[in-house]
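To start, the structure itself, in structure tokens.
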Number of protein chains: 2
Amino acid sequence: MGKNQIPQYKKLYELLRKHILSGVYEEGSFLPSENELCAVHNLTRPTVRHALEALVRDGFISKRKGKGSMVRKPPQDIGILSIAGTISAIGKQYLQTQILQKPKTIAWPTDFHFELTDAEKDFGCIYMERLRFVDEMPVFYDINRIPNINLPRFTSRTFENKSLFDTLRSHYQIEIKGGEQKLKAIKADKKISQLLKIPKGGPVLFLERKLSTNREGFYIYSTIYFNSDKHAIFGVF
Amino acid sequence: MGKNQIPQYKKLYELLRKHILSGVYEEGSFLPSENELCAVHNLTRPTVRHALEALVRDGFISKRKGKGSMVRKPPQDIGILSIAGTISAIGKQYLQTQILQKPKTIAWPTDFHFELTDAEKDFGCIYMERLRFVDEMPVFYDINRIPNINLPRFTSRTFENKSLFDTLRSHYQIEIKGGEQKLKAIKADKKISQLLKIPKGGPVLFLERKLSTNREGFYIYSTIYFNSDKHAIFGVF
DNA sequence: ATTTTTAACTTGTATATACAAGTTGTGTAA
DNA sequence: TTACACAACTTGTATATACAAGTTAAAAAT
């Protein structure tokens with residue numbers, strides 16, 4: 001039998017996810033039962049349940065014993081707290097990106113906020129800055145640091161309309177598996193206030209993230225300044 | 001065979017969790033392999049994997065194909081982003097609680113930030129306020145609203161040294177299953193600045209949460225003001 | 001001695017099956 | 001009509017098994 005590479009449960013997950021987001025399954029309605037999904041897609045129940053577990057984890061459905069799997073309302077705000085599946089960390093589709101600093105190789109900061117391995121220190125650090133907009137208003141400014149390990153031609157790529165994570169996945173087979181993050185509320189300094197168009201000293205959400213990937217010891221570090229005046233950060237757990 | 005009520009995979013989860021937190025399995029070391037856990041606890045691999053999946057979800061271990069399950073460093077900061085298992089939403093153990101407003105029944109606010117069902121509106125709302133300390137410094141102030149549905153004698157209970165969630169679980173069999181939350185950074189008004197001992201206008205983390213429970217249609221609503229000057233909010237995903 | 005192959009581990013995916021337990025509508029008995 | 005029992009659904013838990021695929025170290029070949 002020909003191997004399709006990507007597992008069955010993930011294919012079912014992506015399919016149902018797409019159908020929920022496109023409105024085939026409306027908010028508040030119920031998905032077909034596990035047994036129906038088995039019959040339709042020719043799978044066994046553990047496999048179907050594996051897919052549904054992922055949908056629960058990412059906040060697309062909620063299950064209830066004896067009843068079924070109810071479709072949840074897709075998040076209204078910007079969801080960068082959870083990975084939201086295998087695709088991206090951003091919920092809103094119409095997020096626009098401006099590259100402030102194209103990827104360049106620099107040294108790691110001397111006092112970095114996460115511990116680095118020797119391997120990470122030895123190789124350089126690919127550095128880039130982006131400003132992201134919703135409705136043409138700046139919403140967050142992020143600084144990304146990626147260890148320069150086996151990423152040929154990375155600094156010459158363009159990221160204007162493509163997600164950083166999409167590029168990593170399609171060109172380097174690097175997928176985000178999870179991560180950890182710290183959140184604070186801080187005062188905007190001059191630079192941040194100008195970038196995000198908020199008063200100096202105003203409150204800004206500040207995130208430091210360390211994302212783990214399917215590559216051993218390969219982490220992506222992000223620092224994010226978020227203007228929570230108009231939008232909130234949303235998370236499901 | 002006598003029914004033990006709580007499922008096997010959850011028992012194994014709680015056991016391994018306890019051993020990780022108490023240091024039996026050190027950070028960076030590997031858990032016994034799935035097959036070993038099967039043999040030791042007389043379980044099958046799907047059941048053991050179910051327990052390990054929960055440990056991964058809550059950030060206690062990370063798995064790698066071909067290698068094993070590595071124990072992760074327990075979070076240093078205050079983890080109220082994820083439920084962290086079945087127990088509580090708070091990572092730090094030495095969190096102290098002061099009740100500012102003992103539970104009392106009031107009406108729901110007219111412009112509540114989450115949609116309420118008719119059932120929730122009809123019954124009243126149990127309201128309570130708490131101030132929580134780490135190292136004798138106020139860290140966060142939270143307002144909790146619980147629909148007054150079938151909770152006899154709730155307002156006369158004491159919560160000084162007991163978690164709200166522990167009380168709900170032990171007296172009313174209500175368990176938190178998950179939830180959603182929104183985050184913002186806001187300026188401290190006079191009340192918040194006095195409570196959290198920060199300058200007026202200083203940045204404060206602001207959270208609005210809706211927690212779902214094992215009881216149909218029963219949600220707990222929390223509003224949290226977090227002083228992120230000394231501590232950060234931590235999350236794994 | 002060095003390189004390659006193999007074997008023995010590990011976790012990942014998948015099938016097949018069974019029963020427990022919560023939910024809901026229907027049909028029967030009061 | 002009303003109350004209750006039951007059947008037919010739903011998801012939850014668990015067993016037993018098989019093979020795929022990544023990792024590692026020992027064995028074999030060069």
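A note on names: the letters A, B, ... follow the listed sequences, proteins ahead of strands, and every chain is numbered from 1.
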Does A:Ser62 have any side-chain contact (heavy atoms from CB on, under 4.5 Å) partners at least two apart in sequence or in another chain, and if so, which? A:Met70, A:Arg72
Across all chains, not counting sequence neighbours, the side-chain contact (heavy atoms from CB on, under 4.5 Å) partners of A:Lys65 are none
B/S/- contact track for nucleotides 8-15 of chain C, protein heavy atom under 4.0 Å: --BBBBSB
Sequence neighbours excluded, the answer for ring pair (Phe, Tyr, Trp, His ring centres under 6.0 Å) partners of A:Tyr221 is A:Trp108, A:Phe112, A:Phe114
Partner set under ring pair (Phe, Tyr, Trp, His ring centres under 6.0 Å) for B:Phe206, not counting sequence neighbours: B:Tyr225
Just grab all the salt bridge (charged side-chain N to carboxylate O under 4.0 Å, His left out) pairs involving residues 103-117 of chain A, residues at least two apart or on different chains. none
